[in-house]
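No hydrogens, no waters, no symmetry mates; every other heavy atom, side chains included, goes into these values. Keep in mind that this is a model prediction, so the values were computed, not measured.
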Amino acid sequence: MKILISADMEGATGVTWPGDVLPGTPQWERCRGLFTSDVNAAAVGFFEGGADEVLVNEAHWSMRNLLLEDLDERVEMLTGRHKSLSMVEGVQHGDVDGIAFVGYHAGAGMEGVLAHTYLANQITGVWLNDVRASEGLLNAHVAAEYGVPVVLVTGDDLACEDALGYAPEALKVAVKDHVSRYAAVCRTPNRTAADIRAAAKEAAPLAVRQEPQNTGPYTVAVEFDAEHLAMAVTVVPGVTRIGERKVAYTADTMYEGIRTFKAVTTIASSAVEEQYG
């Protein structure tokens, strides 16, 4: 059994504000250990549940945040940019039986600690076939296209609530409870590590590869906080404006859909000026 862990940082133990997750800050350096603890707990739990392999794909910001030296020696880690499937890179090779979303968060425009979808601020909402979408929802559809079920989700309580919509059978672990975008009631790392490890062990039997599911075509709509960003991303083929600050595109598969989304967000981020956005 092989498990892929897609590891994001905003939903990690103790993380509550931008300084905790922005590479190079003192708080980020501290929170790297908390993030690594969550990921390691999941990996160890999966091994205890019968996994033979665990591959961790770093999915946050620079994708160079986890402390490799603090992971269980059986773990392998995919670190760094750039990847064909970004946050779920590795799911496409036909050897993954289940995927875990560790450190995930709610989507742009939703309540949740550090809630966003790919871009920290510029996106105010994403919809997949008219359903408001988080990164978890988008990535779950990509995984399903390769027959890989989501078996575990960790993050704040609202990230776990969000996961009920896209992975109802998956085990969920809330490491903190949302108070506001930048505040949460946090559990200690010893407690969250134990909770994640136990849930991963219980989730391991759910890692059974399924028939690939393609429920396309998929229409993705993206709303920005500024008009010029909507204009800028229309250079991507197939992306059209459907409002002053909103664009949309349609893809036959989620493989195409997530890659187009990555192109849209990359261009939008490059069009942001430091002071005026």
Side-chain angles (χ1 to χ4, degrees), residues 6 8-11 17-25 28 58-65 81-89 104-142 158-159 162 166 180-182 216-277:
S6 174
D8 204 359
M9 195 171 184
E10 286 89 357
W17 77 303
D20 292 337
V21 296
L22 293 174
T25 68
W28 167 77
E58 279 217 55
H60 174 69
W61 206 274
S62 62
M63 299 184 177
R64 298 182 185 277
N65 308 276
R81 304 164 69 192
H82 299 268
K83 307 162 186 170
S84 293
L85 289 178
S86 191
M87 297 182 75
V88 290
E89 177 67 24
Y104 269 48
H105 49 82
M110 301 178 184
E111 281 192 302
V113 178
L114 294 173
H116 69 285
T117 306
Y118 269 61
L119 300 184
N121 283 310
Q122 290 76 35
I123 291 177
T124 57
V126 177
W127 293 264
L128 178 64
N129 291 343
D130 296 323
V131 175
R132 188 177 280 275
S134 62
E135 292 169 2
L137 176 65
L138 297 174
N139 291 335
H141 274 81
V142 177
L158 297 185
D162 176 56
Y166 64 78
S180 74
R181 181 169 174 78
Y182 303 127
Y218 301 97
T219 297
V220 178
V222 184
E223 183 182 71
F224 297 99
D225 65 357
E227 175 277 336
H228 75 282
L229 300 182
M231 179 271 292
V233 302
T234 58
V235 300
V236 179
V239 176
T240 59
R241 292 180 73 162
I242 59 172
E244 187 175 39
R245 295 180 290 106
K246 198 171 185 179
V247 300
Y249 64 90
T250 299
D252 290 333
T253 68
M254 273 306 292
Y255 172 83
E256 297 170 1
I258 202 69
R259 285 164 62 84
T260 300
F261 186 71
K262 180 64 175 175
V264 165
T265 56
T266 299
I267 290 171
S269 64
S270 69
V272 175
E273 299 293 342
E274 184 177 355
Q275 297 299 328
Y276 284 83

Set of residues satisfying side-chain hydrogen bond (donor to acceptor under 3.5 Å, both in side chains) with respect to [X], sequence neighbours excluded:
X    : result
R241 : E227
W17  : D20
N139 : Y104
E244 : none

For [X], check side chain to side chain contact (heavy atoms under 4.5 Å, CB included) against everything at least two apart and list the hits.
X    : value
A133 : V126, L128, L137, L138
A159 : D156
R81  : M63

So which heavy atom on [X] is nearest to which on [Y], and how close?
X    : Y    : answer
T117 : S134 : OG1-CA, 4.3 Å
A59  : S6   : CB-OG, 3.9 Å
A108 : I123 : CB-O, 3.4 Å
P217 : T250 : CB-CG2, 3.9 Å
N65  : P23  : OD1-CG, 4.0 Å
A230 : V247 : O-CG1, 3.6 Å

Could you list all the ring-ring contact (aromatic ring centres under 6.0 Å, His included) pairs where at least one residue sits in residues 107-138, not counting sequence neighbours? H105-H116, Y118-F261

Indicate every side-chain donor-acceptor pair of residues 269-277 with a distance under 3.5 Å to a residue at least two apart or in another chain.
unit_1 : atom_1 : unit_2 : atom_2 : d
S269   : OG     : T265   : O      : 3.3
S269   : OG     : T266   : O      : 2.8
S270   : OG     : I267   : O      : 2.7

Would you say [X] and [Y] make side-chain contact, with heavy atoms under 4.5 Å?
X    : Y    : result
P237 : Y249 : no
V142 : L85  : yes
L22  : W28  : no

Chi angles and distances behind the side chain to side chain contact (heavy atoms under 4.5 Å, CB included) call for Y218, H141: CA-CA 10 Å; Y218 301 97; H141 274 81; 3.8 Å; yes

Could you list all the salt bridge (Lys or Arg N to Asp or Glu O under 4.0 Å) pairs where at least one residue sits in residues 247-260, not counting sequence neighbours? none

Which residue pairs satisfy the salt bridge (Lys or Arg N to Asp or Glu O under 4.0 Å) criterion with at least one member in residues 124-137, sequence neighbours excluded? none

Can you name the one residue among V239, T240, T260 that meets side-chain contact (heavy atoms from CB on, under 4.5 Å) with V233? V239

Quick check for you: to the nearest 0.5 Å, what is the distance between [X] atom [atom1] and [Y] atom [atom2]?
X    : Y    : atom1 : atom2 : value
H82  : E89  : NE2   : CD    : 12.5 Å
L158 : M110 : CG    : CE    : 10.0 Å
K262 : M87  : NZ    : CE    : 9.5 Å

Is it the case that the side chain of T124 and the backbone of E223 share a donor-acceptor pair, with hydrogens and angles ignored and the cut-off at 3.5 Å? yes

Within the side chain of R245, is there an N or O that forms a donor-acceptor pair under 3.5 Å with the backbone of F224? yes

What residues, two or more places apart in sequence or in another chain, satisfy ring-ring contact (aromatic ring centres under 6.0 Å, His included) together with H60? none

